[in-house]
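Protein chains get the first letters and strands the later ones, always in sequence-line order, with residue 1 at the start of each.
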Amino acid sequence: MLDVKLLRSDLDAVVANLKKRGFDFPRAEYERLEAERKQVQVRTEQLQNERNTRSRSIGQAKARGEDIAPLLAEVGKLGDELKAAEARLDALQAELDDLLMRVPNLLHESVPVGADENDNIEIRRWGEPREFAFEPKDHVDLGSGLMDFDLAARLTGARFVTLKGPMARLHRALAQFMLDTHINEHGYEEVYVPYIVNRDSLLGTGQLPKFGEDLFRLEGEHEFYLIPTAEVPVTNFARDEILAAESLPRRYVAHTPCFRSEAGSYGKDTRGMIRQHQFDKVEMVQIVKPADSYAALEEMTGHAERILQLLGLPYRIVALCSGDIGFGAAKTHDLEVWLPGQGKYREISSVSNCEAFQARRMQARWRNPENGNRPEPVHTLNGSGVAVGRAMIAVIENYQQEDGSIVVPEVLRPYMGGIEKIPAAKA
RNA sequence: GGAGAGGUGCCGGAGUGGUCGAACGGGCCUGACUCGAAAUCAGGUGUACGCGCGAGCGUACCGUGGGUUCGAAUCCCACCCUCUCCGCCA
């Protein structure tokens with residue numbers, strides 16, 4: 001949610017900033033609602049004041065043993081008008097709230113302006129894509145037998161996978177390795193969280209009210225959803241909290257499955273494990289003082305990079321442009337890993353600074369000693385560190401041998417019982 | 001699933017219809033004392049929103065949502081959550 005004070009003080013700047021995303025701020029509607037809200041709120045509070053004053057004097061008169069009948073008659077007339085005013089104010093506020101909850105975050109000034117992913121700006125590259133002496137296969141061909149999409153389709157449906165034997169173990173090894181690296185080298189606290197969350201959590205991080213169709217909602221009396229990312233439960237740790245300055249920054253890392261309905265992605269990445277309804281991810285979340293959030297963005301990008309470096313996977317970093325950046329982010333870095341099977345870089349991690357956007361939605365605050373210990377919104381960041389399934393794809397494709405076997409990267413061997421190579425799968 | 005208890009401010013904990021935004025204690029902040037600290041003493045200390053240049057004034061908030069009433073933390077209804085015991089269970 002945007003800062004309502006900014007909305008009132010500099011609406012032009014807000015509208016212009018959102019325009020860069022291609023978002024049309026509904027200015028006329030907002031101004032109409034806001035004007036009426038102001039007028040109705042003032043009137044409502046006047047009426048409430050009057051009621052309170054009179055009720056108090058009734059109480060006092062009664063205490064003095066006076067006759068309160070005339071006072072009662074007088075105040076009785078207030079009721080209907082007050083009730084109507086309160087109802088109107090509620091309705092207006094609900095409308096305004098709904099409007100504002102659907103407005104994306106403002107972009108940081110450094111975000112490149114562009115229309116779509118083609119306008120993202122490459123910041124740097126690491127590693128050299130390997131020269132193959134043979135035609136590299138993609139992960140589907142390499143994994144056949146140990147990576148079974150048909151079986152998953154029978155168990156569930158399209159866009160699921162089953163892994164077997166060393167492939168399942170490789171998947172687990174990657175998650176363990178990533179967690180350990182973030183815990184031991186990067187100073188994160190490991191957390192285990194619910195994979196099912198309520199509506200408030202999703203409103204807090206911004207998946208709702210606008211993107212409900214991307215979520216899996218559970219049947220039943222509760223409004224529960226499967227998490228689309230650990231960002232949701234973990235960032236909501238701070239919801240409705242006032243954090244002490246000394247307790248910041250908070251750095252959390254969690255390994256969870258993620259569930260996405262992938263509505264609107266029909267026909268996209270249908271082959272293989274790139275885009276699934278269920279995938280695992282190691283997610284980093286930081287809750288920081290506002291002044292520190294851009295340093296934290298760089299730091300977290302580095303933490304994700306470190307994973308790919310240790311795995312020896314070539315990658316590049318891009319700054320998402322204004323047209324490609326997510327709803328809640330002020331600035332986002334994507335890590336794209338080299339996939340020989342596709343001959344291109346593909347997203348494997350996304351690291352975002354949401355500034356106070358989520359914090360305002362979820363009332364996540366801290367006491368700022370430089371401002372008389374007043375509660376102010378914190379800044380929240382999240383980043384994949386990294387997507388486990390895609391990391392597995394990258395390992396398979398980058399470490400493939402001509403015979404179809406896969407060399408296990410050094411850092412994963414301790415997690416694989418010392419196995420150095422996954423033999424070629426029989427079709 | 002059954003029975004019972006309970007949800008109040010940063011924390012503990014009073015408060016069962018009227019100057020209650022809320023006693024008291026702790027914590028925290030400021031000041032005094034001190035070379036300094038501790039202890040002690042005095043004062044202060046909720047959040048959000050609205051109006052106002054401002055001092056300030058006003059409104060809302062005692063799990064959530066309704067209701068009763070001139071007036072609700074207090075009464076009624078529904079729901080959510082927590083705890084204890086029993087049952088079941090990984």
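- Using C1' as the reference atom, B/A23 and B/C62 are 14 Å apart when rounded to the nearest Å.
- Distance, A/K5 NZ to B/G52 C1': 15 Å, rounded to whole Å.
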Taking distance alone, no hydrogens or angles, what donor-acceptor pairs closer than 3.5 Å link side-chain atoms of residues 408-421 of chain A to residues at least two apart or in another chain?
unit_1: A/R413; atom_1: NE; unit_2: A/V408; atom_2: O; d: 2.8
unit_1: A/R413; atom_1: NH2; unit_2: A/V408; atom_2: O; d: 2.9
unit_1: A/Y415; atom_1: OH; unit_2: A/D180; atom_2: OD2; d: 2.7

| Once each nucleotide of nucleotides 58-68 of chain B is scored for protein heavy atoms under 4.0 Å, what B/S/- sequence comes out, 5' to 3'? | BSS--------
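- Under the ring pair (Phe, Tyr, Trp, His ring centres under 6.0 Å) criterion, A/F23 pairs with no residue, sequence neighbours left out.
- Separating the CD atom of A/Q60 from the P atom of B/C70 is a distance of 18 Å, rounded to the nearest angstrom.
- Taking 4.0 Å as the cut-off between side-chain N and carboxylate O, A/R199 and A/E223 count as a salt-bridged pair.
- Sorted by first then second residue, the side-chain hydrogen bond (donor to acceptor under 3.5 Å, both in side chains) pairs that include residues 206-219 of chain A, not counting sequence neighbours, are A/T205-A/Q207.
- A donor-acceptor contact shorter than 3.5 Å is absent between the side chain of A/S201 and the backbone of A/V197.
- Rounded to the nearest Å, the gap between the P atom of B/C77 and that of B/G6 is 15 Å.
- When the P atom is compared between B/C11 and B/C86, the two are found 31 Å apart, to the nearest whole Å.
- Straight-line distance between the C1' atoms of B/A14 and B/G7: roughly 15 Å, to the nearest whole Å.
- Residues A/E283 and A/K281 are paired through a salt bridge, judged by an N-O separation under 4.0 Å between the basic side chain and the carboxylate.
- Between A/D200 atom CG and B/C80 atom C1' the separation is 11 Å, expressed in whole Å.
- Partners of A/H303 under the ring pair (Phe, Tyr, Trp, His ring centres under 6.0 Å) rule, at least two apart in sequence or in another chain, are A/H186, A/Y188.
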| remark: Pairs under 3.5 Å (Watson-Crick or G-U), crossing ones as [ ], inter-strand ones as |: RNA chain B comes out as ((((((((.[[[..)..(.....]]]((((((.......))))))((((((....)))))).[[[[[..)....]]]]])))))))....
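- Map A/E376 and A/K38 each onto its nearest nucleotide of RNA chain B; the residue landing nearer the 5' end is A/E376.
- For the contact set between residues 92-106 of chain A and RNA chain B, defined by any heavy atom under 4.0 Å, there are no members.
- In this structure A/S247 satisfies the side-chain contact (heavy atoms from CB on, under 4.5 Å) test together with A/L243, A/A244, A/R250, sequence neighbours excluded.
- Comparing the C1' positions of B/C29 and B/U84 gives an interatomic distance of 40 Å, to the nearest angstrom.
- Taking atom C1' on both nucleotides, B/A78 is separated from B/U59 by 27 Å, rounded to a whole Å.
- A salt bridge between A/K38 and A/E34 is absent, with no side-chain N of the basic residue lying under 4.0 Å from a carboxylate O of the acidic one.
- Look at CD on A/E81: it is 16 Å from C1' on B/C70, rounded to the nearest Å.
- For the pair A/R37 and A/D97, the salt-bridge criterion is not met [side-chain N within less than 4.0 Å of a carboxylate O].
- Heavy atoms of A/R37 sit under 4.0 angstrom from primed sugar atoms or phosphate atoms, though from no base atom.
- The CZ-P distance, from A/R360 to B/A48, rounds to 13 Å in whole Å.
- With sequence neighbours excluded, the residues that form a salt bridge (charged side-chain N to carboxylate O under 4.0 Å, His left out) with A/R88 are A/E36.
- Rounded to whole angstrom, the span from the CG atom of A/N368 across to the C1' atom of B/C29 amounts to 15 Å.
- A donor-acceptor contact closer than 3.5 angstrom is absent between the side chains of A/E86 and A/T44.
- Note on residues 152-178 of chain A: no pairs pass side-chain hydrogen bond (donor to acceptor under 3.5 Å, both in side chains), not counting sequence neighbours.
- Each of A/S55 and A/Q363 was matched to the nucleotide of RNA chain B holding its nearest heavy atom; the match closer to the 5' end belongs to A/S55.
- Pairs passing the side-chain hydrogen bond (donor to acceptor under 3.5 Å, both in side chains) check and including a residue from residues 386-398 of chain A, sequence neighbours excluded, read A/H139-A/E397.
- Comparing the same atom, P, in B/G17 and in B/C33 gives a spacing of 49 Å after rounding to whole Å.
- On the P atoms, B/C49 is 50 Å away from B/A90, given to the nearest whole Å.
- A salt bridge does not link A/E189 with A/R251: none of the charged nitrogens is closer than 4.0 Å to a carboxylate oxygen.
- Distance from the side chain of A/R365 is smallest to B/A48 among B/U19, B/C51, B/A48.
- The stretch residues 231-247 of chain A has no heavy atom under 4.0 Å from RNA chain B, so no residue of it qualifies as close.
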